[in-house]
Amino acid sequence: MNSKHSEPTRTKGTAGELVGGGGADTATEAFVAHRNLLFTVAYEMLGSAADAEDVLQESWLRWAGVDLATVRDQRAYLVRITTRQALGRLRTLGRRKESYVGTWLPEPLLTAPDVAEDVELADSVSMAMLLVMETLAPTERAVFVLREVFDLGYEEIAEAVGKSPAAVRQIAHRARAHVAARRPRGIVSPAETREALDAFRRAVETGDLQSLLDTLAPDVVLLGDGGGVKQTVLRPIVGADKVARLLVHGLGRVTTLSLRPVQVNARPALVIRLDGEIDTVMAVRIDDGLITGLYAVRNPEKLSHMQRETTLRR
């Protein structure tokens with residue numbers, strides 16, 4: 001499925017068949033109306049746009065078989081279906097990550113400018129926050145996303161994750177504390193991020209080691225994701241000196257390389273092009289005006305959503 005306003009796939013002979021009957025048309029209209037919201041729920045739970053698309057396809061097939069006369073709140077019902085499918089996919093994804101070559105990073109999205117205007121949504125889909133949510137158990141992540149990002153009630157969440165409302169309250173409290181201890185310190189404005197990124201880009205392009213060091217926190221961490229297909233660091237590189245020297249020596253020697261600012265996951269980031277083709281997406285985490293995290297995604301399978309903007313909603 002397309003990441004923007006496409007209709008669900010027309011699959012002959014399945015519950016998702018869209019031909020004939022007003023019921024199918026009504027189901028389609030409801031699904032399409034909430035599609036961007038459902039994609040956002042799935043993506044925040046999974047950190048993978050490809051898997052989120054699969055979850056939406058599975059959710060559509062189940063939704064198309066529902067008797068709409070029994071549904072009081074279509075949005076809530078669709079979120080519930082999507083959450084359940086995403087939970088199942090999240091557990092499968094966890095097993096895939098165990099055999100993943102090197103570091104697994106979330107799939108970057110080229111996002112529309114309006115996403116950044118919703119501060120809470122922008123914060124929740126940032127690469128830094130998605131990595132924090134990777135440290136939650138599957139049910140904790142689902143509860144955190146539904147409660148903190150989409151502001152669902154405990155009863156609604158309980159139905160979606162198959163727990164009692166009392167249990168959901170406890171899970172939400174635990175997940176909130178877990179995330180609070182690991183999330184970026186304070187809200188960083190897009191302007192601050194752009195300023196830090198511009199200084200970082202200029203330093204890399206000119207090979208100015210000292211200027212690059214000035215943009216990095218002493219304990220900065222560089223993570224790379226090549227998926228076993230593209231060469232990158234297989235383990236985290238920690239420390240400003242190590243990170244700066246690796247970047248200057250690695251990027252500075254490539255003459256056909258360009259760094260351009262873009263909006264990725266509702267935050268300013270850099271796209272590195274090699275011979276005109278997207279080679280790497282570099283997202284950052286900023287704390288107290290310095291770069292504390294650099295996230296370099298090179299795996300080609302994770303760069304397909306950088307060709308067009310993805311609309312996120314809550």
Determine whether [X] and [Y] fall in the same hydrophobic cluster, where Ile, Leu, Val, Met, Phe, Trp and Tyr are linked whenever their side-chain heavy atoms lie under 4.5 Å apart.
{"X": "L93", "Y": "Y295", "answer": "no"}
{"X": "V284", "Y": "L290", "answer": "no"}
{"X": "V297", "Y": "L130", "answer": "no"}
{"X": "I286", "Y": "L105", "answer": "no"}
{"X": "W60", "Y": "V66", "answer": "yes"}

Between [X] and [Y], is any pair of side-chain heavy atoms under 4.5 Å apart?
{"X": "L38", "Y": "V79", "answer": "yes"}
{"X": "L37", "Y": "L78", "answer": "no"}
{"X": "R313", "Y": "F39", "answer": "no"}
{"X": "V125", "Y": "E44", "answer": "yes"}
{"X": "E301", "Y": "V229", "answer": "no"}
{"X": "R314", "Y": "T40", "answer": "no"}
{"X": "M306", "Y": "P108", "answer": "yes"}
{"X": "P113", "Y": "E309", "answer": "yes"}

Checklist entry - What residue pairs, at least two apart or across chains, pass salt bridge (charged side-chain N to carboxylate O under 4.0 Å, His left out) with a residue in residues 227-243? => result K230-D279, D241-R245
Checklist outcome for this item: Residues pairing under salt bridge (charged side-chain N to carboxylate O under 4.0 Å, His left out) where one sits in residues 63-84, two or more places apart or in two chains, turn out to be R80-E159
Measuring from [X]:[atom1] to [Y]:[atom2], what's the distance to the nearest 0.5 Å?
{"X": "L87", "Y": "T82", "atom1": "CG", "atom2": "OG1", "answer": "11.0 Å"}
{"X": "L109", "Y": "K302", "atom1": "CG", "atom2": "NZ", "answer": "11.5 Å"}
{"X": "L46", "Y": "R89", "atom1": "CG", "atom2": "CZ", "answer": "7.5 Å"}
{"X": "L216", "Y": "L247", "atom1": "CG", "atom2": "CG", "answer": "7.5 Å"}
{"X": "D114", "Y": "L312", "atom1": "CG", "atom2": "CG", "answer": "9.0 Å"}
{"X": "L234", "Y": "L223", "atom1": "CG", "atom2": "CG", "answer": "12.0 Å"}

Checklist entry - What do the steps show when you test V220 against T292 for side-chain contact (heavy atoms from CB on, under 4.5 Å), and what is the final call? => result CA-CA 4 Å; V220 63; T292 56; 5.5 Å; no
Next on the checklist: Among V55, N265, L56, D51, exactly one meets side-chain contact (heavy atoms from CB on, under 4.5 Å) together with Y43. Which residue is that?
Outcome noted: N265
Indicate the atoms forming the closest heavy-atom contact of [X] with [Y], along with that distance.
{"X": "T103", "Y": "G224", "value": "CB-O, 3.4 Å"}
{"X": "P190", "Y": "P268", "value": "O-CG, 3.7 Å"}
{"X": "A116", "Y": "A266", "value": "CB-O, 3.8 Å"}
{"X": "V264", "Y": "T111", "value": "C-OG1, 4.0 Å"}

Item to check | Residue E195 excluded, over 12 heavy atoms near CD under 6.0 Å | outcome: no
Next on the checklist: Does E205, at its CD atom, have more than 12 non-hydrogen atoms belonging to other residues, nucleotides or ligands within less than 6.0 Å?
Outcome noted: yes
Next on the checklist: With side-chain contact (heavy atoms from CB on, under 4.5 Å) as the criterion, how do S304 and E107 come out once you've worked through the C-alpha distance, each side chain's angles and the decisive distance to 0.1 Å?
Outcome noted: CA-CA 9 Å; S304 62; E107 185 174 348; 4.0 Å; yes
Between the main-chain N or O of [Y] and the side-chain N or O of [X], is there a donor-acceptor pair closer than 3.5 Å?
{"X": "Q85", "Y": "S59", "value": "no"}
{"X": "E156", "Y": "A76", "value": "no"}
{"X": "T135", "Y": "L131", "value": "no"}

Next on the checklist: M129 vs R267, test: side-chain contact (heavy atoms from CB on, under 4.5 Å). Steps then yes/no.
Outcome noted: CA-CA 11 Å; M129 181 57 79; R267 288 283 189 266; over 6 Å; no
Checklist entry - For N299 and Y100, does a side-chain donor sit closer than 3.5 Å to a side-chain acceptor? => result yes
Checklist entry - Got a sec, which residues hit side chain to side chain contact (heavy atoms under 4.5 Å, CB included) with T232, two or more places apart in sequence or on another chain? => result R298
Item to check | Set of side chain to side chain contact (heavy atoms under 4.5 Å, CB included) partners for E134, sequence neighbours left out | outcome: K97, W104, R141
Show me, pair by pair, the donor-acceptor contacts under 3.5 angstrom made by side chains of residues 162-176, not counting sequence neighbours?
| from | atom 1 | to | atom 2 | distance (Å) |
| --- | --- | --- | --- | --- |
| S164 | OG | A167 | N | 3.1 |
| R174 | NE | E140 | OE2 | 2.9 |
| R176 | NH1 | E148 | OE2 | 2.7 |

Next on the checklist: For the residue pair R147 and Y154, would you count it as a cation-pi contact if the rule is NZ or CZ under 6.0 angstrom from the ring centre and within 45 degrees of the ring axis?
Outcome noted: yes
Checklist entry - When you look at T139 and R91, which way does the side-chain contact (heavy atoms from CB on, under 4.5 Å) test go after all the steps? => result CA-CA 10 Å; T139 302; R91 295 182 177 105; 3.5 Å; yes
Item to check | Contact list for residues 74-99, test ring pair (Phe, Tyr, Trp, His ring centres under 6.0 Å), sequence neighbours left out | outcome: W63-Y77
